[in-house]
Amino acid sequence: MIAKIQIGHAFCSLKLVFCTRFKGMDLHSQLLNNLPVFEVSQMMGKIIDFFDKTTCSHVAITENNTFLGVLPENDLAYFEADKKIEDYRHNLENFFVTNETSWLDVLEIFARNEANIMPVIDADKHILGYYDLTDIVGVFIGTPFFTEPGGILIVEKGMKDYSMSEIGQIVESNNAKLLGAFITDNQNDVVQVTLKISSTSLNEISQTFRRYNYNILFGNSDDQFLEDLKKRSAYLDKYLNV
């Protein structure tokens, strides 16, 4: 049984924007063929029974074996068993992926539609099967971003001023490798980027980012810049209290 996962808009804003080591991942082995596809001419009772027995967020609907869209489980309360699926055509949502869609785009489409199941279609709009969100996230968790040792650094800079190529150059100029980078926030024209870096000693890298006018939001606890600020603040408090 597929576990239902709640995905909010915050998850949708989490997008991988740079990591060449992630590009070649193959999702074909994750294709599921044990979930049903319903024809629009069938009775709604079959849809109701399906949702009652599973935790799937959606199910695919076809017309003459051609993909029409998906019905959402969220509308279950409005479905009537003695009506045809055709009567609920207006409830269909139109999202899907193809067997050529990259895994990053698959993950984004899952998030954008708050789904835990995704129909996969071919060029003729025939349904090949489904992707399960849990499986796709499992592929993601198995990437070097999570599995390889390293340090996490969160930086921010103005939307018009930041550059992923510059970020990569800053990391590599300090004899480290960038394992992955995500835009984890984007508000008021300021972009927040979370970095996974091969080195766990981030002090020099942090200093270089500051020289390029990046704000450091999170880094190693031994970040010398923060330690210096703490010491100076303590010294100032002591001086004012004399």
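Checked by atom type and distance alone, the side chain of Lys196 pairs as donor or acceptor with a backbone atom of Glu148 at under 3.5 Å. Judged purely by atom type and a 3.5 angstrom limit, Ser57 uses its side chain to pair as donor or acceptor with the backbone of Asn116. No side-chain donor-acceptor contact under 3.5 Å links Glu80 to the backbone of Met44. At distances below 3.5 Å, not a single donor-acceptor pair connects side-chain atoms of Glu39 with backbone N or O atoms of Ile61. Between the Thr66 side chain and the Thr62 main chain, no donor and acceptor come within less than 3.5 Å of each other. At distances below 3.5 Å, at least one donor-acceptor pair connects side-chain atoms of Asp87 with backbone N or O atoms of Lys84.
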For this session: Before giving the answer on side chain to side chain contact (heavy atoms under 4.5 Å, CB included), spell out for Asn215 and Val155 the whole-Å C-alpha distance, their side-chain angles and the decisive distance to 0.1 Å.
Result: CA-CA 5 Å; Asn215 291 326; Val155 302; over 6 Å; no

Exercise. Given Leu107 and Val137, is the side chain to side chain contact (heavy atoms under 4.5 Å, CB included) satisfied, shown in steps?
Worked result: CA-CA 8 Å; Leu107 196 60; Val137 171; 4.1 Å; yes

Exercise. Taking it one step at a time, do Asn186 and Met159 satisfy side chain to side chain contact (heavy atoms under 4.5 Å, CB included)?
Worked result: CA-CA 8 Å; Asn186 182 5; Met159 171 70 78; 3.1 Å; yes

For this session: Run the numbers on Ile205 and Ile197 for side chain to side chain contact (heavy atoms under 4.5 Å, CB included), then give the verdict.
Result: CA-CA 10 Å; Ile205 298 174; Ile197 298 171; 3.8 Å; yes

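Checked for salt-bridge contact, Lys157 and Glu166 meet the test: a charged N lies under 4.0 Å from a carboxylate O. Under the 4.0 Å criterion applied to side-chain N and carboxylate O atoms, Glu63 and Arg89 are assigned as salt-bridge partners.
If you check the side chains of Asn174 and Ser199, you find no donor sitting under 3.5 Å from an acceptor. A donor atom on one side chain and an acceptor atom on the other are not found under 3.5 Å apart for Glu73 and His58. With no hydrogens or angles considered, a side-chain donor-acceptor pair links Ser163 and Ser165 at under 3.5 Å.
In this structure, Leu35 is a member of the same hydrophobic cluster as Met118, with clusters built from ILVMFWY side-chain heavy atoms closer than 4.5 Å.
The nearest pair of heavy atoms linking Phe38 to Gln42 is CA-OE1, 3.3 Å. Nearest heavy-atom pair, Ile167 versus Leu195, reported as atom, atom and distance to 0.1 Å: CG2-CD2, 3.8 Å. Between Glu156 and Val190, the shortest heavy-atom contact is OE1-CG1, 3.6 Å. Of all heavy-atom pairs spanning Val120 and Thr98, the tightest one is CG1-C, 3.7 Å. A pairwise comparison of heavy atoms in Gly129 and Asn33 identifies CA-ND2, 3.9 Å as the closest pair. Taking every heavy atom of both residues into account, Ala60 and Ile127 meet most closely at CB-CD1, 3.4 Å.
For the atom pair CG (Asn203) and CD1 (Ile216), the distance works out to 10.0 Å, reported to the nearest 0.5 Å. Between Asp132 atom CG and Gln30 atom CD the span is 9.0 Å, to the nearest 0.5 Å. Interatomic distance, Cys56 SG to Phe51 CZ, rounded to the nearest 0.5 Å: 7.5 Å. Taken from CG in Asn91 to CG in Asn74, the straight-line distance is 11.0 Å, to the nearest 0.5 Å. The distance from the OH atom of Tyr162 to the CG atom of Asp189 is 12.0 Å, given to the nearest 0.5 Å. Expressed to the nearest 0.5 Å, how far CD of Glu114 lies from CZ of Phe95 amounts to 10.0 Å.
Thr194 is listed as a side-chain neighbour of Ile152, based on a closest heavy-atom distance under 4.5 Å. Within the 4.5 Å cutoff, no side-chain heavy atoms of Phe182 are placed close to those of Val193. Between Ile121 and Leu128 there is no side-chain heavy-atom pair separated by less than 4.5 Å. Contact of the Glu100 side chain with the Asp105 side chain is not registered, since no non-hydrogen atoms from C-beta on lie closer than 4.5 Å. Contact annotation: the side chain of Met43 never approaches that of Ile85 to less than 4.5 Å [non-hydrogen atoms, C-beta and beyond]. Counting only heavy atoms from C-beta outward, the side chains of Leu32 and Asp135 approach each other to under 4.5 Å. Contact annotation: the side chain of Leu153 approaches that of Ser206 to within less than 4.5 Å [non-hydrogen atoms, C-beta and beyond]. In this structure the side chain of Leu92 reaches within 4.5 angstrom of the side chain of Leu68, judged on heavy atoms.
Among residues two or more places apart in sequence or in another chain, the side-chain contact (heavy atoms from CB on, under 4.5 Å) test is passed with Asn175 by none.
Heavy-atom contacts from other residues, nucleotides or ligands closer than 6.0 Å to CG of Asn188 number 12 or fewer. Sparse packing is recorded around OH of Tyr212, with 12 or fewer heavy atoms of other residues, nucleotides or ligands lying under 6.0 Å away.
Note on residues 118-131: no pairs pass side-chain hydrogen bond (donor to acceptor under 3.5 Å, both in side chains), not counting sequence neighbours.
The ring of Tyr88 has its center closer than 6.0 angstrom to the ring center of Phe79.
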